[in-house]
Amino acid sequence: MLQAVELKASYGKVSVLHSISFEVKQDEVVCLVGSNGAGKTTTLKAVMGLVPSQGDVLFHGESIHSLRPAQIARRGISYVPEGRRIFPHLSVLENLEMGAYLCKDTKALKNRLDQQLALFPELTGRLHRPGGTLSGGEQQMLAIARALMASPKTLLLDEPSMGLAPMVVDRVFNVIREVSRQGISILLVEQNAAGALAVSDRGYVLEQGRVVLEDSTKNLQGNPGVQRSYLGGHL
């Protein structure tokens with residue numbers, strides 16, 4: 001579904017990614033875990049064409065590395081950036097409609113909206129409120145719903161649990177499971193390694209811009225090094 005091959009990225013003269021390779025298969029949830037500065041967010045931005053990079057990115061076997069972000073989105077990849085980045089002065093409904101800006105079919109747009117409100121019933125009574133008046137958890141749900149309005153084949157999620165209360169974090173991870181069951185592949189970047197591994201099929205550990213470990217999440221959860229560095233010594 002999605003494959004990065006020897007991907008490199010830099011900010012000016014500072015190298016951030018050092019020839020990393022990974023893949024996300026059909027209907028799979030794959031997480032990237034690592035400490036701050038490991039290159040997780042840069043990886044997602046490189047996939048989306050938001051930062052200059054070298055190497056290659058393949059989507060359904062075709063290179064998308066030279067495409068602009070809008071072209072990549074049209075191919076079927078949606079991106080939920082760190083910090084949500086909703087439009088605070090637009091209504092919740094307008095935010096959702098922005099996610100489906102490529103959809104010109106009124107009936108299809110209504111179906112997509114109904115699907116997202118079924119997945120996020122918390123937004124139903126807030127459709128005409130400005131997005132900026134929502135709680136942090138509701139804004140995260142809006143950001144994910146907006147990305148799903150594009151009807152993507154693959155979803156990139158950057159730190160969806162950041163800054164949220166524990167109960168809301170559980171809700172977000174449950175949503176990730178549900179989205180995966182709908183047949184959407186997910187590449188998940190998370191500081192919350194325990195939560196990320198719990199909802200993923202496979203994981204990659206990044207350290208200083210390099211993939212140092214790749215395995216099933218079950219094996220990663222039982223790995224002493226992963227437990228010590230990212231899981232507080234235990235599950």
Side-chain angles (χ1 to χ4, degrees), residues 1-9 16-17 19-32 39-87 95-116 119 142-160 175-190 199-204 206 211:
M1 179 65 96
L2 178 68
Q3 184 178 17
V5 183
E6 299 292 320
L7 198 60
K8 302 177 184 178
V16 179
L17 299 180
S19 298
I20 70 168
S21 298
F22 62 87
E23 65 177 1
V24 183
K25 299 176 183 177
Q26 182 76 40
D27 300 337
E28 210 178 28
V29 181
V30 173
C31 63
L32 303 178
K40 304 186 302 296
T41 292
T42 300
T43 299
L44 297 189
K45 288 182 175 180
V47 169
M48 285 302 298
L50 294 169
V51 296
S53 62
Q54 298 173 301
D56 205 357
V57 179
L58 306 176
F59 189 55
H60 287 283
E62 296 183 3
S63 177
I64 59 172
H65 183 252
S66 62
L67 300 182
R68 296 188 299 274
Q71 293 173 311
I72 293 172
R74 288 188 180 97
R75 293 291 182 95
I77 302 178
S78 286
Y79 174 45
V80 181
E82 180 182 348
R84 298 145 200 162
R85 306 286 181 89
I86 65 165
F87 300 102
N95 269 275
L96 292 171
E97 290 173 339
M98 287 292 288
Y101 71 98
L102 292 174
C103 180
K104 307 304 180 186
D105 185 321
T106 303
K107 184 176 180 180
L109 181 62
K110 174 67 164 54
N111 288 339
R112 292 185 192 185
L113 180 61
D114 289 344
Q115 288 172 358
Q116 297 319 308
L119 184 60
L142 176 57
I144 296 173
R146 181 181 62 185
L148 292 173
M149 284 290 290
S151 194
K153 301 179 182 71
T154 296
L155 183 65
L156 311 184
L157 287 172
D158 193 358
E159 302 284 6
V175 164
I176 292 172
R177 289 191 183 95
E178 179 59 32
V179 170
S180 174
R181 285 194 287 266
Q182 294 177 4
I184 298 172
S185 301
I186 298 174
L187 179 59
L188 170 65
V189 157
E190 257 297 341
V199 298
S200 300
D201 300 295
R202 293 187 302 109
Y204 294 82
L206 267 61
V211 173

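Starting from 1, each residue takes its place in the sequence as its number.
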(request) Could you tell me whether the side chain of V29 reaches within less than 4.5 Å of the side chain of V179, counting heavy atoms only? (result) no

(request) Have a look at M48 and tell me which of V51, L44, L50 forms a side chain to side chain contact (heavy atoms under 4.5 Å, CB included) with it. (result) L50

(request) Could you check D201, V47, V30, L155 and say which one makes a side chain to side chain contact (heavy atoms under 4.5 Å, CB included) with V24? (result) V30

(request) Let me see the working for V5 and V57 under side-chain contact (heavy atoms from CB on, under 4.5 Å), right down to the final yes or no. (result) CA-CA 6 Å; V5 183; V57 179; over 6 Å; no

(request) Examine distances only and state if a side-chain atom of S63 and a backbone atom of L58 form a donor-acceptor pair shorter than 3.5 Å. (result) no

(request) Would you sort out whether S200 and L188 count as a side-chain contact (heavy atoms from CB on, under 4.5 Å), showing the intermediate values? (result) CA-CA 8 Å; S200 300; L188 170 65; 4.2 Å; yes

(request) Quick one: pull up CZ in R146 and CD in Q116 and give me the separation to the nearest 0.5 Å. (result) 12.5 Å

(request) Could you grab the distance from atom CE of M1 to atom NE2 of H60, nearest 0.5 Å is fine? (result) 4.0 Å

(message) For the CG atom of L96 and the CG atom of L148, what is their distance to the nearest 0.5 Å?
(response) 10.0 Å

(message) Take a 6.0 Å sphere around CZ of R177 and say whether it holds more than 12 heavy atoms from other residues, nucleotides or ligands.
(response) yes

(request) Kindly give the heavy-atom pair with the smallest separation between G39 and V16, and that separation in Å. (result) CA-CG1, 4.1 Å

(message) Any side-chain to backbone donor/acceptor pair from Y204 onto E23? Under 3.5 Å, distance only.
(response) yes

(message) Can a donor-acceptor pair be found, under 3.5 Å and without considering hydrogens, that links the side chain of R112 to the backbone of M149?
(response) yes

(message) As an exercise, state the distance from CD of E82 to NZ of K40, rounded to the nearest 0.5 Å.
(response) 8.5 Å

(request) Considering non-hydrogen atoms only, spot the tightest contact between A9 and T42 and give its length. (result) CB-CG2, 3.8 Å

(request) Quick one: do E178 and R181 satisfy side-chain contact (heavy atoms from CB on, under 4.5 Å)? Show the steps, please. (result) CA-CA 5 Å; E178 179 59 32; R181 285 194 287 266; 3.0 Å; yes

(message) I'd like to check P160 versus E190 (side-chain heavy atoms, cut-off strictly below 4.5 Å). Are they in contact?
(response) yes

(message) Nearest 0.5 Å, please: how far is CG in L156 from OG1 in T43?
(response) 10.5 Å

(request) For the pair D158 (side chain) and V189 (backbone), establish whether a donor and an acceptor sit closer than 3.5 Å, ignoring hydrogens and angles. (result) no

(message) List the residues meeting side-chain contact (heavy atoms from CB on, under 4.5 Å) with S19, not counting sequence neighbours, and say none if there are none.
(response) E6, K8

Please tabulate, one pair per line, all N/O donor-acceptor pairs under 3.5 Å involving side-chain atoms of residues 72-81, not counting sequence neighbours.
unit_1 : atom_1 : unit_2 : atom_2 : d
S78    : OG     : A147   : O      : 3.0

(request) Could you grab the distance from atom CG of L17 to atom NZ of K45, nearest 0.5 Å is fine? (result) 11.5 Å

(request) Evaluate the criterion side-chain contact (heavy atoms from CB on, under 4.5 Å) for residue pair F59 and T154; output intermediate values, then yes/no. (result) CA-CA 9 Å; F59 189 55; T154 296; 3.3 Å; yes

